[in-house]
Amino acid sequence: MLELRPNCECCDCDLPPDSTEARICSFECTFCADCADHRLQGLCPNCGGELLRRPRRPAEKLDVNPASDHRIHKPCPD
């Protein structure tokens, strides 16, 4: 099950579980669409994998399987 991390690792903006702006790699490194597209050119700086739209978990499933609240922030170069 995906962790649904709460923020962009690059700019630290909030990415709630229902965000359509979240992008992840196969290791679940998480970035906002703006950083993924413009700063990172669609590639994860940690593993080199492609960044794709993160699926959203239905709200009724979040009660039983909540999103992570662990924030990871490693500022990316401009």
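Just so you know, these numbers use all the heavy atoms, side chains as well, and skip hydrogens, waters and symmetry mates.
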Flag if over 12 foreign heavy atoms under 6.0 Å of CD, E28: yes

Nearest 0.5 angstrom please: [X] [atom1] to [Y] [atom2], how far?
X   : Y   : atom1 : atom2 : value
C32 : H38 : SG    : NE2   : 10.0 Å
C10 : D34 : SG    : CG    : 9.0 Å
R54 : R23 : CZ    : CZ    : 10.0 Å
E21 : C13 : CD    : SG    : 8.5 Å
K74 : D12 : NZ    : CG    : 12.5 Å
L15 : E9  : CG    : CD    : 10.5 Å

Atom of D69, atom of P6 and distance for their closest heavy-atom approach: C-CG, 3.9 Å

L4 versus P17, closest heavy-atom pair with distance: CD1-CB, 4.1 Å

Check: H73 side chain, C8 main-chain N or O, donor-acceptor pair, under 3.5 Å: no

All side-chain contact (heavy atoms from CB on, under 4.5 Å) counterparts of C47, not counting sequence neighbours: C25, F27, C44

Partners passing side-chain contact (heavy atoms from CB on, under 4.5 Å) against P16 (at least two apart in sequence or in another chain): D18, S19

Side-chain polar contacts of residues 55-62 - donor-acceptor pairs under 3.5 angstrom, sequence neighbours left out - could you list them?
from	atom 1	to	atom 2	distance (Å)
R57	NH1	N65	O	2.8
R57	NH2	L2	O	2.6

Non-neighbouring partners of D14 that pass side-chain hydrogen bond (donor to acceptor under 3.5 Å, both in side chains), sequence neighbours left out: R71

Co-members of L51 in a cluster of I, L, V, M, F, W and Y side chains, linked at under 4.5 Å: F31, L40

Any residue meeting salt bridge (charged side-chain N to carboxylate O under 4.0 Å, His left out) with E3, in chain and number order, not counting sequence neighbours: R5

